There are 2 protein chains.
Amino acid sequence: MQTPEPLGGTRPTSRDVARTAGVSQATVSLVLGEKWRGRVSERTAETVRAAARDLGYRPNLAARNLRLGRTRTAMLVVPALTNEFFAHVYTGAAVAAARHGFGVVLYPSPDGVGPARDPFASAQAALDGVIASSMAADALKAFRGTDLPLVMLDSDPSDPGASAHLNIDVADGMRRVTEHLLGLGHRRFLHLASAVPSWTFDVRAAALADALRGAELRTVRSPLNVADAWTAAHAALDTREPRPTAVICDDDILAVGVLKVARRLGLRVPEDLSITGFDDLALATAVEPELTTVRLPAEEFGRRGMEALLAVLAGEPAPPVTLPVELVRRGSTGPAPAV
Amino acid sequence: MQTPEPLGGTRPTSRDVARTAGVSQATVSLVLGEKWRGRVSERTAETVRAAARDLGYRPNLAARNLRLGRTRTAMLVVPALTNEFFAHVYTGAAVAAARHGFGVVLYPSPDGVGPARDPFASAQAALDGVIASSMAADALKAFRGTDLPLVMLDSDPSDPGASAHLNIDVADGMRRVTEHLLGLGHRRFLHLASAVPSWTFDVRAAALADALRGAELRTVRSPLNVADAWTAAHAALDTREPRPTAVICDDDILAVGVLKVARRLGLRVPEDLSITGFDDLALATAVEPELTTVRLPAEEFGRRGMEALLAVLAGEPAPPVTLPVELVRRGSTGPAPAV
DNA sequence: CGCGTAACGTTATACGTAAAACCTCGGCCG
DNA sequence: CGGCCGAGGTTTTACGTATAACGTTACGCG
């Protein structure tokens, strides 16, 4: 009434709130920052809050970030959200972040689509830290030289470049898969491996080779998409040599590719061929038969990654962690055919 | 050598660059802002660039945002990234954004998980605008009262609350589906509709009812996940009354649920039952038979949404747009059984 | 009475950047 | 020869916030 409120496009600032509340800007900051215990009377505080409410005041985040020198924002670097696994990782990270008043931004299109030459230029948000999957190795180079705290997912724990390490026990996953298949009588295996270079896939291959000593094992590499998996699997299975009786895939997506190939070749699953995957995506239960797979705790992965980053930012220690996996037995595996 | 460079955790500022280059801070800003045509000599410019490179200078985004009053950041509000459709929407938006030096942040967990009471508090990045799916209606309320530019996806074009509207021609999709199925001889239909309230689903239902005048149509609503779809479809199909011969689903996820139910009930697809979906997700080609579905241009949806927002921000007009769809015929539809 | 001190605020400052306004010095033209 | 102009910078200011440092009462207490 007496004070002409700022109209139009200009948003009210803390100074505007101060003016209408009849106090200084500092007091507004104190009250709204919940830092006023014993510094401001309850009466004044209420006046300030009312004024802020009336004006529809929203603190300017850019100004706050500048003042505080931190942004409460973390960047998540993953290959692609269209891979359901990473969508879950993101969700876990975002929820954990929100619980602590943090936000999560994604590395701009690390899967090669689009320019994103300078990650800092595209993601305009300044960052407090980074959580990165080792599957996005090229994107990671952008953060070398930065002194940002870096939590590595699925990366060699002995790598000293990271502030913290978080892994999933995929070696154990491979051991359980082989144990399961060996118990069913299988002796000739095909490993359909990911062509994406990453520590986690190296570990899987090594664990598999180790667990399958004495059995027959071939390996084929393929990108993580159905079409390429199809081609790779087709080449490996359509042979006159004694065929593998079980295909172990690094990923459910690959496994579905194999399933389709098997159908095309007239092989029944699991009677003629057993198939296993990794991740336990929605795909795994959509197909028929449903996939036996190693369930990875994707959402927890994201959550713990964020928690590790928060710990680092708080100066607390963040010891390396390895999350357990679970073997989910479904219809795609069965007794080895008696050749 | 003579100037002790700032060491430790402190990042170099434009003033540090100025000092080592022997110029004023303003000059640094001019050169690095590419605004120096005719204002700074090429020799000086090179000196500045060299100094910036040596010091590893990175502009402070928070300061820049504060100064410029904009952040080159948009927020995307969608139900959940774990729905592949929205992962594609995000990708499209992010790529288009990056091309224009923009970043995209996601609304913090609008699917109900986590707190995220105040979207501004969690997403610390200040925003220039919002792109929102009508499927996240509750989250949208947070932006009422804000004068942020708002691009609505899949929302009633007559809604005046938005700065721009972008839709997908799902009515045409429904018409093509029914045309296809009627052509195959089907006369008894079941519509498995989404329980999520959204304009896009209202449009589909209306278009379907309109196209099926004279034929028999039942409707069942279900949340967009496989488990619930399973239950809903089971109840609708396990009946002694004359069974529908075709199930039209609002979504591939629902369609896969129906496919599993059919198998459970001993119905062959498509001999006994035809099934159609919407979206054309990876799921659609993973299952056997592959799904006949209406392909929605998800990535383009995100891209155009971002472009519309950019237009609004530039003060240009952003007329409402409706994107075309495509019917993809696959194995899940076939001639109606002769009852 | 005098002084510490608690209660309640205010004033002043800094964060790092972009850009408007200003300065200086030759050269050129009328 | 005086004034104007443009090239090539510099000085200064503002963005909105958080907080350290600083006042000003009033009151309790030795």
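In this text, all values refer to a predicted model and were calculated from it rather than measured experimentally. Values reported hereafter were calculated over all heavy atoms of this structure, with side chains retained and with hydrogens, waters and symmetry mates removed. A note on names: the letters A, B, ... follow the listed sequences, proteins ahead of strands, and every chain is numbered from 1.
With sequence neighbours excluded, the residues that form a side chain to side chain contact (heavy atoms under 4.5 Å, CB included) with A74(A) are M306(A), L309(A). In this structure A298(B) satisfies the side chain to side chain contact (heavy atoms under 4.5 Å, CB included) test together with F85(B), H88(B), V89(B), sequence neighbours excluded. Residues forming a salt bridge (charged side-chain N to carboxylate O under 4.0 Å, His left out) with E300(A) (at least two apart in sequence, or on another chain): R303(A), R304(A). Applying the side chain to side chain donor-acceptor pair (under 3.5 Å) rule to S155(B) yields no partners; only residues at least two apart in sequence or on another chain are considered.
When heavy atoms are screened at a 4.0 angstrom cut-off, V23(A) is found touching the sugar-phosphate backbone but no base atom.
When the nearest nucleotides of DNA chain D are assigned to A63(A) and R15(B) by heavy-atom distance, the more 5′-ward of the two goes with R15(B).
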Could you list the donor-acceptor pairs under 3.5 angstrom formed between side-chain atoms of residues 27-36 of chain A and any protein atom two or more places apart in sequence or on another chain?
from	atom 1	to	atom 2	distance (Å)
T27(A)	OG1	S24(A)	OG	3.2

Scan nucleotides 19-27 of chain D against the protein and return all N/O pairs shorter than 3.5 Å with their distances rounded to 0.1 Å.
from	atom 1	to	atom 2	distance (Å)
dT19(D)	O4'	R67(A)	NH1	3.4

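Sorted by first and then second residue, the salt bridge (charged side-chain N to carboxylate O under 4.0 Å, His left out) pairs with a member in residues 41-52 of chain B read E42(B)-R49(B), E46(B)-R49(B), E46(B)-R53(B); sequence neighbours excluded. The side-chain hydrogen bond (donor to acceptor under 3.5 Å, both in side chains) analysis of residues 312-323 of chain A, with sequence neighbours excluded, yields no pairs.
The nucleotide whose nearest atom lies closest to any side-chain atom of R64(A) is, among dT17(D), dG16(C), dT10(C), dT17(D).
Taking a 4.0 Å limit (strictly below) on heavy-atom distances, residues 40-48 of chain A reaches DNA chain C at V40(A), S41(A), T44(A).
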